[in-house]
Amino acid sequence: MKKLIPPWVRSAMIVTVVAIICMGCPNPPPPFCSTTGTNFQNLYSTTLSSNTNYANKVTMDLLTHEYTFTVSTTKYLCKIGYQGNAYMQANSLPYTMEVYNNTTSTMVFSGSNIFNSLAISYMNASGSLVPGNSYTVRRTIPPAGYGPNIGNTIGRVCVFSPGPVPYPVSFGVLTISASKFYGMGGPINNFGIPYIDLVFW
């Protein structure tokens, strides 16, 4: 007489076989890192259109442009976007991009990249960002790294005039609470929001 295998034994056998097969499987790829419609892009555009005192300018001939921000949920940094200066690109001069955790006094990410001068371009980045911590993202040019003209250090900024910017400004999970421009002059606080795009997943 044929014996029937109990259903729980069949289920256990299937799970075991699948587990054995998948032991050799590679880890799944990370989620797609989309540079379209980021929190920063939306924050910048909605802030710009929210008040006629805001203007989109390419300005601020200082070495470091930075803003301080928080996130409302845990996020993972995957890219940083910036539009560079034509002289910097033509002469292969890189910007240093950093994300610093002000709360824990630790560097989350630091790297260098040559950015396109005609449109925003992106570099790969990494690091965890958590609610309750304050962060600063900055782009910096070394003192000898901008060529013969300090004007090569300018960048895109959402300027509020007359200043300062009425911080905080928010969109989605991102809130910007302050900005600073310095190096070979300054510091100039809260003059505007530098266009440094943070891409999360």
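Values below: all heavy atoms of this structure, side chains included; hydrogens, waters and symmetry mates excluded. Quick caveat, the model's predicted, so the values are computed rather than measured.
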If we ignore angles and hydrogens, is there a donor and acceptor under 3.5 Å between the side chains of Asp197 and Gln41? yes
Looking at residues at least two apart in the chain, or sitting in another chain, which of them share a side chain to side chain donor-acceptor pair (under 3.5 Å) with Thr104? Asn101, Thr106
With sequence neighbours excluded, give me every disulfide bond (SG atoms under 2.5 Å apart) pair touching residues 88-133. none
Partners passing ring-ring contact (aromatic ring centres under 6.0 Å, His included) against Phe200 (at least two apart in sequence or in another chain): none
Taking Glu98 for its side chain and Arg138 for its backbone only, find out whether a donor-acceptor pair lies under 3.5 Å. no
Could you state the interatomic distance from NE2 (His65) to CD1 (Ile154), rounded to the nearest 0.5 Å? 8.5 Å
Tyr135-Ile80 co-clustered via ILVMFWY side chain contacts under 4.5 Å: yes
Using modelled atom types only, decide if a donor and an acceptor are shared between the side chain of Gln89 and the backbone of Asn85 within a distance under 3.5 Å. no
Any side-chain heavy atom of Pro148 within less than 4.5 Å of one from Tyr87? yes
With sequence neighbours excluded, tell me which residues meet ring-ring contact (aromatic ring centres under 6.0 Å, His included) with Phe109. none
Given side-chain contact (heavy atoms from CB on, under 4.5 Å), test Phe115 with Met123 step by step and report yes or no. CA-CA 8 Å; Phe115 290 98; Met123 67 183 292; 3.8 Å; yes
With Ser105, which residues qualify under side chain to side chain donor-acceptor pair (under 3.5 Å), at least two apart? none
Full working for side chain to side chain donor-acceptor pair (under 3.5 Å) between Thr96 and Thr140: CA-CA 5 Å; Thr96 298; Thr140 301; over 6 Å; no
Listing request: all side chain to side chain donor-acceptor pair (under 3.5 Å) pairs with a residue in residues 141-165, at least two apart in sequence or in separate chains. Asn56-Arg156
Just by distance, do the side chain of Thr38 and the backbone of Thr35 share a donor-acceptor pair under 3.5 Å? no
For Cys78, which residues count as a disulfide bond (SG atoms under 2.5 Å apart) partner, sequence neighbours excluded? Cys33
Val99 and Leu77: CA distance, side-chain angles, deciding distance, side-chain contact (heavy atoms from CB on, under 4.5 Å) verdict: CA-CA 9 Å; Val99 177; Leu77 181 67; 3.8 Å; yes
Leu48 side, atom CG; Ile193 side, atom CD1 - distance, nearest 0.5 Å: 9.0 Å
Short side-chain donor-acceptor distance under 3.5 Å, Ser121 and Asn116: no
For Pro142, enumerate each residue passing the side chain to side chain contact (heavy atoms under 4.5 Å, CB included) test, keeping only those at least two apart in sequence or located in another chain. none
Does the Thr47 side chain pair with the main chain of Tyr44, one donor and one acceptor, at a distance under 3.5 Å? no
Between Tyr122 and Tyr76, is there a shared hydrophobic cluster once you connect ILVMFWY residues whose side-chain heavy atoms come closer than 4.5 Å? no
Show me the side-chain donor-acceptor pairs of residues 168-188 shorter than 3.5 Å, one per line, residues at least two apart or across chains.
| residue | atom | partner | partner atom | Å |
| --- | --- | --- | --- | --- |
| Ser170 | OG | Thr175 | OG1 | 2.7 |
| Ser179 | OG | Tyr167 | OH | 2.8 |
| Ser179 | OG | Gly192 | O | 2.7 |
| Tyr182 | OH | Glu66 | OE1 | 2.8 |

Checking side-chain polar atoms at under 3.5 Å, does Arg139 have a donor or acceptor matched by the opposite partner on Tyr95? no
Kindly work out whether a path of hydrophobic side-chain contacts (I/L/V/M/F/W/Y, heavy atoms less than 4.5 Å apart) joins Val130 to Val199. yes
Would a single hydrophobic cluster contain both Val157 and Tyr54, if residues Ile, Leu, Val, Met, Phe, Trp and Tyr are joined by side-chain heavy-atom contacts under 4.5 Å? no
Hydrophobic cluster membership, Ile141 vs Phe191, 4.5 Å side-chain cutoff: no
Show me, pair by pair, the donor-acceptor contacts under 3.5 angstrom made by side chains of residues 67-75, not counting sequence neighbours?
| residue | atom | partner | partner atom | Å |
| --- | --- | --- | --- | --- |
| Tyr67 | OH | Ile196 | O | 2.7 |
| Thr68 | OG1 | Thr136 | OG1 | 3.0 |

N/O donor-acceptor pair under 3.5 Å between Asn51 side chain and Asn53 backbone: yes
Under the side chain to side chain donor-acceptor pair (under 3.5 Å) test, which residues partner Tyr195, sequence neighbours left out? none
Could you name each residue pair satisfying disulfide bond (SG atoms under 2.5 Å apart) that touches residues 129-194, not counting sequence neighbours? none
If every non-hydrogen atom of Thr103 is compared with every non-hydrogen atom of Asn133, which pair is closest and at what distance? OG1-CA, 3.3 Å
